[in-house]
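The next block holds one structure in the form of structure tokens; read it before the comments.
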Amino acid sequence: MRIPLLLVALTLATSCTWVHMAPGASAVRVVEGPPAGCENRGEIEVSVRHNLAFYDRNQRKVRDELETLARNEAPGINADTVQPLGPPSNGSQRYAAWRCGGR
């Protein structure tokens with residue numbers, strides 16, 4: 001009985017999004033390369049749990065949560081655009097933060 005219950009719990013936990021968009025973060029754009037004419041505001045490093053015990057979480061969900069966390073952090077350093085600096089690694093990712101003035 002415990003194993004099926006554990007499997008159900010893991011399935012539910014890995015299908016849920018644990019990170020929610022903070023107020024103001026929805027206005028933050030995500031770009032693939034450095035935006036032209038924007039002021040560099042620094043870097044943001046974010047991380048989430050990428051596995052639960054022996055089970056690896058869905059990589060798409062992990063990537064989406066990392067992006068949401070970066071967007072959540074951007075307004076705190078007066079940035080309105082973030083750019084991933086590389087792919088996620090072990091549940092962590094670095095982003096460049098930019099101030100583009102509403103482009």
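Treat the numbers as computed from the prediction; the structure is a model and nothing was measured. Both backbone and side-chain heavy atoms feed into the values below; hydrogens, waters and symmetry mates do not.
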Could you pull out the closest heavy-atom pair between Val30 and Pro84, with the gap in Å?
CG1-CD, 4.3 Å

Considering only heavy atoms from C-beta outward, does the side chain of Cys100 approach that of Arg29 to under 4.5 Å?
yes

May I ask you to decide if Ile77's main-chain N or O and Arg41's side chain share a donor-acceptor pair within less than 3.5 Å?
yes

Short question: side chain of Asn72, backbone of Ala25 - any donor-acceptor pair under 3.5 Å?
no

Determine the sole option in His20, Arg49, Arg57 for which the side-chain hydrogen bond (donor to acceptor under 3.5 Å, both in side chains) test with Glu65 is passed.
Arg57

For Ser26 versus Met21, what's the shortest heavy-atom pair and its separation?
N-SD, 3.7 Å

Ignoring hydrogens, what is the shortest heavy-atom contact between Ile44 and Ala97? Give both atom names and the distance.
CD1-CB, 4.0 Å

Is there a chain of hydrophobic side chains (I, L, V, M, F, W, Y, each step under 4.5 Å between heavy atoms) that links Leu85 to Leu69?
no

Applying the 4.5 Å side-chain criterion to the ILVMFWY set and letting contacts propagate, would Tyr95 and Val31 be lumped into a single cluster?
no

Within the side chain of Gln93, is there an N or O that forms a donor-acceptor pair under 3.5 Å with the backbone of Gly86?
yes

Using every non-hydrogen atom in the two residues, find where Pro35 and Thr81 come nearest and quote the distance to one decimal.
CG-CG2, 4.3 Å

Closest non-hydrogen atoms of Gln83 and Gly33, given as atom of the first, atom of the second and distance, are CD-C, 3.7 Å

With the 4.5 Å side-chain cut-off for hydrophobic clustering, are Val46 and Trp98 part of the same group?
no

Taking atom OG of Ser47 and atom CG of Asn90, what is their separation to the nearest 0.5 Å?
10.5 Å

Closest approach of Val48 to Leu66 (non-hydrogen atoms, all atoms of both residues):
N-CD2, 3.9 Å

For Arg71 and Val28, indicate whether the former's side chain and the latter's backbone hold a donor-acceptor pair under 3.5 Å.
yes

